[in-house]
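What follows is one structure encoded as structure tokens, with my remarks underneath.
As the structure lists them, so they are numbered: ligands from 1, and atoms in each ligand from 1. Keep in mind that the numbers below use all heavy atoms, side chains included, and drop hydrogens, waters and symmetry copies.
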Amino acid sequence: MTTRAGFVALIGEPNAGKSTLLNRMVGAKVSIVTHKVQTTRARIRGVAMEGDAQIVFVDTPGLFRPRRRLDRAMVAAAWGGAADADVIVLLVEAHRGRTGGVDTILEALRDRVTDNQRVALAINKIDRVKAEALLALSADLNAAYPFERTFMISAEKGHGVDDLREWLAGALPEGPWLYPEDQIADLPLRMIAAEVTREKLTLRLHQELPYQLTVETEKWEDRRDGSTRIDQIIYVTREGHKGIVLGHKGETVKSVSQAARADLSEFLGRPVHLFLQVKVRPNWLDEAERYSEMGLDFREGD
Ligand SMILES: Nc1nc2c(ncn2[C@@H]2O[C@H](COP(=O)(O)OP(=O)(O)OP(=O)(O)O)[C@@H](O)[C@H]2O)c(=O)[nH]1
Ligand SMILES: [Mg+2]
């Protein structure tokens, strides 16, 4: 049997639907999703099988103009994911079209893509627009960059996703599989668990606060009774933020904990006891250890 295997990087502006697409391709929620921009902070690998091909999808942080050290490390991680990929898929939101941000990405692609890499366009969220608009957008983007193929998809509803996966499988180089056939993600469980809690926090907190916090798994204990105890710390930058995360009588953190615990129990297939602690750490955004916990390179933020 001739097998194929390789890396497919999903890149695009924040909120384009990269993580939603990765989860759909893998068939499990390995990367967190919210309606807010800059949800994903590091590269997240998910593995999908298609016939004799093993496709390693690499979800990346959105590409935007970075301001903070964390932002710069995120954008560097995204381009690093693209650099290592056999195939790059650029996701563009159908209803937003060719934005300035998309133009900036196209320009960077012209400089960065190497001869042995293939690049496809996926116009996502087609459920939000009329067919006529799609054809015009596809023509416009293809005039701006020589994409090998264009796919019209809805990562959320699943339209066009099978075609994309089939094409990707054929586009990968011949070679042995890179992961065991039943592995779906390449990310430590404690990191997935921290991400789930960060997703619930991002969904419940407003404005800048989600961008000023990070979550780390401190302890993980698989108990003999079949349950798992997970202890996590939520780092915030200010005393005021701690109060907001806790909420009136601790209600906010309680609802975050309940929602995270439900997701984690489902993901792990066993009961989970989740303990969250909020700590003020004014400079966590400038601490190297916080970045390595997230899977980011601190120096890339210089
Ligand atoms: N209507 C519609 N919404 C979608 C589709 N795909 C993703 N979304 C929504 O778009 C929002 C962003 O999705 P994500 O998958 O988190 O986007 P992302 O590109 O990973 O975003 P960052 O991690 O911030 O870069 C979420 O609210 C998704 O539910 C789609 O095909 N149709
Ligand atoms: Mg994402």
ask   = What atoms of ligand 1 come closer than 4.0 angstrom to any heavy atom of G62?
value = 25 (O)

request  = Check whether any N, O or S atom of T40 sits under 2.8 Å from the Mg ion (ligand 2).
outcome  = yes

note = Looking at R41, K125, E199, the heavy atom closest to atom 9 (C) of ligand 1 belongs to K125

query = Any donor and acceptor pair, going by atom type alone, linking the side chain of R118 with main-chain N or O of V87 inside 3.5 Å?
reply = no

remark   = Here the atoms of ligand 1 under 4.0 Å from any heavy atom belonging to V37 are 24 (O)

ask   = Between the side chains of S19 and T40, does any donor sit under 3.5 Å from an acceptor?
value = yes

remark   = closest protein heavy atom to atom 14 (P) of ligand 1 is T20 OG1, 3.6 Å

ask   = Counting only N and O atoms by type, is there a donor-acceptor contact under 3.5 Å from the side chain of Q54 to the main-chain atoms of L178?
value = yes

query = How far is atom 21 (O) of ligand 1 from its nearest protein heavy atom, and which residue and atom name does that atom have?
reply = N15 N, 2.9 Å

key: Point-to-point distance, once rounded to the nearest 0.5 Å, from OG1 of T39 to CD of E199   = 8.0 Å

task = Name the closest protein heavy atom to atom 29 (O) of ligand 1, giving the residue it belongs to and the distance to 0.1 Å.
result = E156 OE2, 2.6 Å

query = Does R299 pair with D302 as a salt bridge, N-O distance under 4.0 Å?
reply = no

task = Give yes if a backbone or side-chain nitrogen or oxygen of K18 is under 3.5 Å from a nitrogen or oxygen of ligand 1, and no if not.
result = yes

message = Parallel, tilted or perpendicular: which one describes the rings of F151 and W167, with boundaries at 30° and 60°?
response = tilted

query = Under 4.0 Å from any heavy atom of T34, which atoms of ligand 1 are there?
reply = 11 (C), 12 (C), 13 (O), 16 (O), 26 (C), 27 (O)

message = Side chain, backbone, both or neither: which applies to D127 and ligand 1 if a contact is any heavy-atom pair less than 4.0 Å apart?
response = side chain

message = Before you tell me yes or no, could you show the steps for E287 and R69 under salt bridge (charged side-chain N to carboxylate O under 4.0 Å, His left out), namely the whole-Å CA-CA distance, both residues' side-chain angles and the distance that decides it to 0.1 Å?
response = CA-CA 10 Å; E287 291 173 352; R69 176 185 273 275; over 6 Å; no

query = Which bit of R128 is near ligand 1, meaning a heavy atom under 4.0 Å away: side chain, backbone, both or neither?
reply = side chain

query = Is it true that a side-chain atom of D222 and a backbone atom of T228 form a donor plus acceptor pair closer than 3.5 Å?
reply = no

inquiry  = Need the ligand 1 atom indices (1-based, order shown) with element for anything under 4.0 Å from a heavy-atom of H35.
reply    = 27 (O)

task = State whether the shortest distance between N or O atoms of G17 and N or O atoms of ligand 1 falls below 3.5 angstrom.
result = yes

query = So, does Y235 use its side chain to make a donor-acceptor pair with the main chain of P282 at under 3.5 Å?
reply = no

ask   = For ligand 1, is any non-hydrogen atom under 4.0 Å from N124's backbone (N, CA, C, O), its side chain (CB onward), both, or neither?
value = side chain

ask   = With a cut-off of 4.0 Å, which atoms of ligand 1 are near a heavy atom of S154?
value = 30 (C), 31 (O), 32 (N)

query = Between W177 (side chain) and D52 (backbone), is there a donor-acceptor pair under 3.5 Å?
reply = yes

query = Which atoms of ligand 1 sit under 4.0 Å from any heavy atom of P14?
reply = 25 (O)

Geometric N/O contact P61 with ligand 1, under 3.5 angstrom = no

Side chain D59, main chain R43, donor-acceptor under 3.5 Å = no

key: Metal check, the Mg ion (ligand 2) vs S19 N/O/S, cut-off below 2.8 Å   = yes

task = Could you tell me if any non-hydrogen atom of A16 lies under 4.0 Å from any atom of ligand 1?
result = yes

key: Residue Q38 vicinity, atoms of ligand 1 by number, heavy atom under 4.0 Å   = 24 (O)

Test: E216 and R290 ion pair at under 4.0 Å = yes

